[in-house]
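These notes are about the structure you will find just below.
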Amino acid sequence: MLSASDSIWMAQALRLAERGLYTTSPNPRVGCVLVRDSSVVGEGWHERAGEPHAEVHALHEAGETARGATAYVTLEPCSHYGRTPPCADALISAGITRVVVAMQDPNPLVAGQGIAKLRAAGIEVECGLMEAAARELNTGFVARMTRGTPWVRSKIAASLDGRTALHNGESQWITGAAARMDVQHWRARSCAVLTGIDTVLADDAQLNVRELKTPRQPLRVVLDSRLRMPLTARILHHLLPSPASGGGGEGGVLIYTAVHDVGKIAALEQAGASVCVLPDANERVDLAAMLTDLAKRGCNELLVETGSTLNGALLQAGLVDELVLYLAPQLLGDMAQGLVQLGELTSLEQRVNLDWQDVRQVGRDLRIVARVKK
C-alpha cells in the first residue's frame, strides 16, 4: 500500500535523476533513495554510461544501514549484465525489503524481469508511483527502446507573426540573449543536434554547447543530400571530443547524404567527420532511415535546428515529436520566411495539430513547448 511519504521519497529520487540530464546518454536518467525508519540512509543517481547505476551509489552510501530499508527507484532495477552488474542483484544482496519503482524499464533486456527477480527473492515491489514524471524525464530513452527512433524535438526561433528570417535570409538575431542561452540547455540534454546543409552554408553554424558547463557535447548531424559541405566549414574544424567518453562520437560530426561520392566522402572523413549514405527513392536522404540509424548509435534525444524546408519535411513525414518555439515581440511581415514549408493544404484535415505543454516568458521572448498529435 502506497502512502503520502512514498510520494515524498520518490519525488526526491526524481530530483536526483534529473542531475544526470546532460550526462547519462545513451542510458536513462535514474535516481534512487534508500529510506529506513523514516530517514534517508543512502541516495544516488546514474551519472554516466559505464559507471555505477543509481542503486549502487545509494547502497554504497548506506552500507549496512541498507538492510531492511525501502528503495525508491525512478526506473525498474536492471536484471542483466551489461557494462555493470545487475542492480536487482545488488538490492537483494544488501537486504532491501521493499522496492518502490516509478516505471517499468522499456528496455526489452529488462522489461519486468528486474521486478520479477526482486519478488522472487521475497522483496515487496510496488510499481507506478509518479510514473508520468519518470517517463517525462526519459522521453528519449523510452522512444528509442519502444519504437527504435529518438525523441525528435525541433527548436524554432520566430517573430510573433511566425517568421524565421527576412526574405534575404537575415535572421541574427530575432530572439534575445536569454532565449539563445535557453537553447544551450536543450542542446546540452540532447544526444545529437541536427541541421540541414543550407543552414551550415548560410550561418556557418557550429551547433556546439556554449556558455554552459557540460562534460558532454552532442553529436552534430548534418543532412547533406548532395554533399555540398565545404571542407572549410567551421563545424568540421571545431570537433569536440567529450572528456567523459575519451572522444567517441560525442562532439563529432556525422553527415547523412544520398550520393556515393567516394572522393568527397574521403575528404570529409579526413577532416574528421563521419559520412553515412542513406538515399531514398527520390535521391534525397531517407529521413526515417536516418532516425533509425541514429537510434542504433545510441541517440535518445535529437534536437533539430534548421530551416523551414527540413522542418516541413520532418513534420510531413510524421517524424517530429515536439516543438520548442521561441516567439519574439516583433513583426517581420508576409515577405519574410515562414516557420515550416508544408506545401498547400487543401483541407483542414491536413493540418499539424499540437498539444500545449508549457508556455513561459524567457527574457523578452515567449517560449512555447508543444507536442505533435500523432
Quiz prompt | Evaluation steps, side chain to side chain donor-acceptor pair (under 3.5 Å), between Asp161 and Ser159 | solution = CA-CA 5 Å; Asp161 55 346; Ser159 61; 2.4 Å; yes
Quiz prompt | CZ on Arg371 to CG on Leu323, rounded to 0.5 Å | solution = 11.0 Å
Quiz item: What's the verdict on side chain to side chain donor-acceptor pair (under 3.5 Å) for Asn138 and Arg29, showing C-alpha distance, side-chain angles and the deciding distance?
Solution: CA-CA 6 Å; Asn138 285 300; Arg29 297 142 184 159; 4.8 Å; no
Quiz prompt | Any donor-acceptor N/O pair, Glu76 side chain to Asp105 backbone, under 3.5 Å | solution = yes
Practice problem: Supply the atom-to-atom distance Asp6 CG to Ser3 OG, rounded to the nearest 0.5 angstrom. | Solution: 3.5 Å
Quiz item: Asp358 and Ile368: side-chain contact (heavy atoms from CB on, under 4.5 Å), yes or no, with the steps?
Solution: CA-CA 6 Å; Asp358 182 75; Ile368 300 171; over 6 Å; no
Quiz item: Considering only heavy atoms from C-beta outward, does the side chain of Val253 approach that of Leu236 to under 4.5 Å?
Solution: yes
Practice problem: For Thr257 and Ser225, indicate whether the former's side chain and the latter's backbone hold a donor-acceptor pair under 3.5 Å. | Solution: yes
Quiz prompt | 4.5 Å side-chain heavy-atom contact, Leu166 and Leu332 | solution = yes
Quiz item: Between CG of Leu207 and CZ of Arg220, what distance do you get to the nearest 0.5 Å?
Solution: 7.0 Å
Quiz item: Hey, does Asp355 have a side-chain heavy atom less than 4.5 Å from the side chain of Gln357?
Solution: yes
Self-check item: Residues Asp261 and Arg226 bridged, charged N to O under 4.0 Å
Solution: no
Quiz item: Under 3.5 Å, side chain of Thr24 to main-chain N/O of Asn27, donor-acceptor pair present?
Solution: yes
Quiz item: Cys87 and side chain to side chain contact (heavy atoms under 4.5 Å, CB included): which partner among Leu118, Val30, Val56?
Solution: Val56
Quiz item: Would you call the rings of His185 and Tyr22 parallel, tilted or perpendicular if under 30° counts as parallel and over 60° as perpendicular?
Solution: tilted
Quiz item: Would you say Leu91 and Val125 are hydrophobically clustered, going by side-chain heavy atoms of ILVMFWY under 4.5 Å?
Solution: yes
Quiz item: In chain order, what residues pass the side chain to side chain donor-acceptor pair (under 3.5 Å) check against Asp321, with sequence neighbours excluded?
Solution: Arg147
Quiz item: Closest heavy-atom contact between Ala336 and Arg163?
Solution: O-NH1, 2.8 Å
Quiz item: Rounded to the nearest 0.5 Å, how far apart are CG of Leu2 and OG of Ser7?
Solution: 7.0 Å
Quiz item: So, for Leu201 and Pro230, which heavy atoms are closest and what is the spacing to 0.1 Å?
Solution: CD2-CD, 3.6 Å
Self-check item: Nearest-0.5 Å distance, CE of residue Met130 to OG1 of residue Thr74
Solution: 11.0 Å
Exercise. Step through the shown structure and confirm whether more than 12 heavy atoms of other residues, nucleotides or ligands are within 6.0 Å of CZ on Arg36.
Key: yes
Quiz item: How would you list, by chain and number, every residue that makes a salt bridge (Lys or Arg N to Asp or Glu O under 4.0 Å) with Arg189, sequence neighbours excluded?
Solution: Glu301
Self-check item: Partner of Leu34 under side chain to side chain contact (heavy atoms under 4.5 Å, CB included), chosen from Val73, Thr65, Ile96
Solution: Ile96
Quiz item: Hey, what do you get for CD (Glu126) to CE (Met10), rounding to the nearest 0.5 Å?
Solution: 10.0 Å
Quiz item: Do the side chains of Pro52 and Glu55 get nearer than 4.5 Å, heavy atoms only?
Solution: no
Quiz prompt | Linked, directly or transitively: Trp151 and Leu219 (ILVMFWY side chains, under 4.5 Å) | solution = no
Practice problem: Dump the intermediate steps for side-chain contact (heavy atoms from CB on, under 4.5 Å) on Glu124 and Val99, then the final yes or no. | Solution: CA-CA 6 Å; Glu124 178 188 353; Val99 177; over 6 Å; no
Quiz item: Heavy-atom distance under 4.5 Å between the side chains of Asp293 and Leu278, does that happen here?
Solution: yes
Self-check item: Salt-bridge criterion met for Arg19 and Glu43 (N-O under 4.0 Å)
Solution: no
Quiz item: Taking C-beta and beyond as the side chain, do Leu223 and Leu310 meet within less than 4.5 Å on heavy atoms?
Solution: yes
Self-check item: Charged tip of Arg180 within 45° of Trp173 ring normal and under 6.0 Å
Solution: yes
Exercise. Step by step, work out the side-chain contact (heavy atoms from CB on, under 4.5 Å) result for Tyr256 and Leu287.
Key: CA-CA 9 Å; Tyr256 286 101; Leu287 297 178; over 6 Å; no
Quiz item: Judged by atom type as modelled, is there a donor-acceptor pair below 3.5 Å linking the side chain of Thr146 to the main-chain atoms of Val142?
Solution: yes
Exercise. List the steps, then state whether side-chain contact (heavy atoms from CB on, under 4.5 Å) holds for Val277 with Ile265.
Key: CA-CA 10 Å; Val277 183; Ile265 290 173; 4.0 Å; yes
Quiz item: Is the number of heavy atoms from other residues, nucleotides or ligands under 6.0 Å of Lys374 NZ greater than 12?
Solution: yes
Quiz item: Are side-chain heavy atoms of His57 and Cys32 found at a separation under 4.5 Å?
Solution: no
Self-check item: Test item: side-chain donor near acceptor, Thr309 and Gln341, under 3.5 Å
Solution: yes
Quiz item: Regarding Ser154 and Asn311, is there a side-chain donor-to-acceptor distance under 3.5 Å anywhere?
Solution: yes
